[in-house]
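Before any comments, here is the structure.
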Amino acid sequence: MADAVTSRESDYSQWYIDVVRKAKLADYSPVRGCMVIRPNGYALWERMKETLDGLFKATGHENFYFPLFIPERFLAREAEHVEGFAKECAVVTHSRLTLNEEDELIPDPESKLEENLIVRPTSETIIWNTYADWIQSYRDLPLLYNQWANVVRWEMRTRLFLRTMEFLWQEGHTAHASKEEAVEEAERMLDVYATFAEDYMAIPVVRGRKTASERFAGAVDTLCIEALMQDGKALQAGTSHFLGQNFAKAFDCTYTDENNEEQYVWATSWGVSTRLIGALIMTHSDDQGLVLPPKLARDQVVIVPIYFNDEQRTQVLEEAQRIQQELDDADIRVKLDADDNQKPGWKFNEYELQGVPLRIGIGPRDIENDNVELARRDTREKNIVPQDGLVARIQDTLTDIQDGLFQQALERREAHTTTVDSYDAFKDVIENEGGFVKAHWDGTEATEARIQDETGATIRCIPFDRDDEPGEDMLTGEHSEGRVLFAKAY
RNA sequence: CGGGGCGUGGCGCAGUCCGGUUAGCGCACCUGCUUUGGGAGCAGGGGGUCGCCGGUUCAAAUCCGGCCGCCCCGACCA
């Protein structure tokens, strides 16, 4: 193959970049650390967005939109929040450009802003500033809102989709009258994320709680879903935060309860980003390129016509169009590639690189025998199958691919999840095998920091479903309430 | 922020060490014919201020000085 991607074994990092670029998901942009999301990549994001948006609406949320710019003083209001984000903010200081004596374009000193504006790294502050106006009474609660937006975090080190300076995401921001209700909301939305990851993206995830050091800046509690990539590194795929009354207090957001008493509002926020595309790639794709789960593929089936002369071309295309129509009628997303400029062989390779789950090849031979050639992207199996019953067969196969991808990822995760009881064993697994490691931890930040320092592994989460199994910290021997999940992470 | 790499038609590169015809190759692109079941063949054609600025020289992609940009790898982070 002329345009092969680097193999995962020889250079995982280069493989990832090759997949992104050769599947035409994204390009580098002229701006350092930012990317151009190409139509193939954006189509994926659109499908994710549509699906998630439906799940948000189904759980009672509405969309709104807040400004890209946040007044600098807002960010300063919540102490931990500033501390967490101050290091990575883009700051707008001027409102126009002008030419200097050397004819160079510079920010016009005359136009210096009275107050700097921050390009949002997240929107809690500006939203809670407004919630303070919207909320007076317990009757105004809850507020269940979400926004689809871009945010900017000035990163040192970037990687396509996984960490770029600007990225697309959704951020849900809810306000509640009680702590219980807010906690429940944070849990509900984590569940929505987990469902989405597993049922649509075919990515098995561990649901859990972050330790204090990994918590969102300004949150009381951060819940997360963690996924394991093919190279044995963990990736945080979504977070949901119980914010307590931190932002309500910072922005003086109170309501009057049933007893006419003033109370601070309880809050949550939750988000997933285009980073999920990175997770998708690193979960399912192979050395032939992208592999997409059928539920998220823009094109679930591509039809490649094969012919040797004009007469055959007419005949084959007619047949191909008929099949296309049948599939379309059955709500299968299908593309017929009748482009005359590329040969079938070229198309086969191209659609494999782009991860289209199923390919139908149809040529004179097939027409004669009422067959088509059906090729699966995930297993790379090819079969000659009868046209009779094709729609049902394709529906079944798509389901099979979707389930198979999840199953395969789940098995890989299980195979790369190790339970250890000694620090030596821990270091050995982290160093040589990677993956998730279940081990006892004494619950202190000091121990957590030392482990990270010495091994590079962090506590990904305290899993919700961990066994009730007290023990002793592998490092300090102190009491541990149960095992936590360690891994090296993206 | 440290370490490494790279900057030459749209893309990938060679040429740079050791200065010297008209800057070359593959892919892509355009035209034509033949082709089409796993990245087609032949013929013809178009496209470059060699990242930028300065210096040395009869002569600079090549040597010297400075600057800029991007990518990769590590520490911090969705």
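Remember, it's a predicted structure, so these values are computed and weren't measured experimentally. A note on names: the letters A, B, ... follow the listed sequences, proteins ahead of strands, and every chain is numbered from 1.
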Base, sugar-phosphate, or nothing: which does Arg21(A) touch, judged by heavy atoms less than 4.0 Å apart? nothing

Could you tell me how far C6(B) sits from C11(B) if I compare only their C1' atoms? Round to whole Å. 15 Å

Nearest-0.5 Å distance that lies between atom OG1 in Thr6(A) and atom NZ in Lys22(A): 6.5 Å

Could you give the distance separating C58(B) and G66(B) at their P atoms, to the nearest angstrom? 24 Å

Indicate the ring-plane relationship of Trp266(A) and Phe242(A), choosing parallel, tilted or perpendicular according to the 30° and 60° boundaries. parallel

Per-nucleotide pairing state of RNA chain B [Watson-Crick or G-U, under 3.5 Å; [ ] pseudoknot-crossing; | other strand]: ((((((((.[[[[.)....(...]]]].((((((.....)))))).....[[[[[..)....]]]]])))))))....

Parallel, tilted or perpendicular: ring planes of Phe66(A) versus Phe64(A), cut at 30 and 60 degrees: perpendicular

Send over the distance from Gln354(A) CD to G39(B) C1', rounded to a whole Å. 13 Å

Could you state the CD-C1' distance from Gln312(A) to G37(B), rounded to the nearest angstrom? 11 Å

Assess whether one donor atom and one acceptor atom, taken from the side chain of Gln342(A) and the base of G39(B), lie less than 3.5 Å apart. no

d(CG, Asp18(A); P, G12(B)) in whole Å: 12 Å

Polar contact flag, side-chain donor to acceptor under 3.5 angstrom, Asp337(A)-Tyr351(A): yes

Could you measure between the two P atoms, the one in A40(B) and the one in U36(B), and give it in whole Å? 11 Å

Gap in Å between the two P atoms, one belonging to U57(B) and one to G19(B), rounded: 16 Å

Rounded to the nearest Å, what distance is computed from the CG atom of residue Leu317(A) to the P atom of nucleotide U36(B)? 16 Å

Taking the six-membered ring for Trp, are Tyr131(A) and Trp128(A) parallel (under 30°), tilted (30 to 60°) or perpendicular (over 60°)? perpendicular

Using the C1' atom as the reference point in each nucleotide, state the distance between G39(B) and A28(B) in Å, no decimals. 13 Å

Would you give a per-nucleotide map of nucleotides 70-78 of chain B, 5' to 3', where B means the base has a protein non-hydrogen atom under 4.0 Å away, S means only the sugar-phosphate does, and - means neither? SSSBBBSBB

Ring geometry between Phe426(A) and Tyr423(A) (parallel below 30°, tilted from 30 to 60°, perpendicular above 60°): parallel

Taking the minimum atom-to-atom distance to the side chain of Trp346(A), which one of U36(B), G38(B), G39(B) wins? G39(B)

Can you measure from OG (Ser269(A)) to CD (Glu185(A)) and round to the nearest 0.5 angstrom? 10.5 Å

Within this structure, what is the CG-to-C1' distance between Asn349(A) and U36(B), rounded to whole angstrom? 14 Å

Rounded interatomic separation in angstrom, taking OH from Tyr351(A) and P from G37(B): 15 Å

The correct set of residues in residues 361-374 of chain A placing a heavy atom under 4.0 Å from RNA chain B is Gly361(A), Gly363(A), Pro364(A), Arg365(A), Asp366(A), Glu373(A)

Nearest 0.5 Å please: distance from the CG atom of Leu25(A) over to the CG atom of Leu292(A). 7.5 Å

Identified salt bridge (charged side-chain N to carboxylate O under 4.0 Å, His left out) counterpart of Glu226(A) within the set Arg207(A), Arg209(A), Arg413(A), Lys210(A): Lys210(A)

Should the pair Lys233(A)-Asp231(A) be classified as a salt bridge under the 4.0 Å nitrogen-to-oxygen rule? no

Just checking, is any N or O donor in the side chain of Gln315(A) or Glu311(A) under 3.5 Å from an acceptor N or O on the other one? no

Between P on U35(B) and CZ on Arg313(A), what's the gap in Å once rounded to a whole number? 16 Å

State, yes or no, whether a side-chain contact exists between Glu214(A) and Ile459(A) at a heavy-atom distance under 4.5 Å. no

Mind checking the P distance from A61(B) to U21(B)? Whole angstroms is fine. 11 Å

Just checking Glu381(A): does its CD atom have more than 12 heavy atoms from other residues, nucleotides or ligands closer to it than 6.0 angstrom? yes

Using the C1' atom in both, what is the distance from C53(B) to A60(B), to the nearest Å? 15 Å

Using the C1' atom as the reference point in each nucleotide, state the distance between G51(B) and U62(B) in Å, no decimals. 16 Å

Could you state the CG-C1' distance from Asp337(A) to G37(B), rounded to the nearest angstrom? 15 Å

Side-chain N,O (Lys382(A)) to OP1/OP2 (G37(B)) below 4.0 Å: no

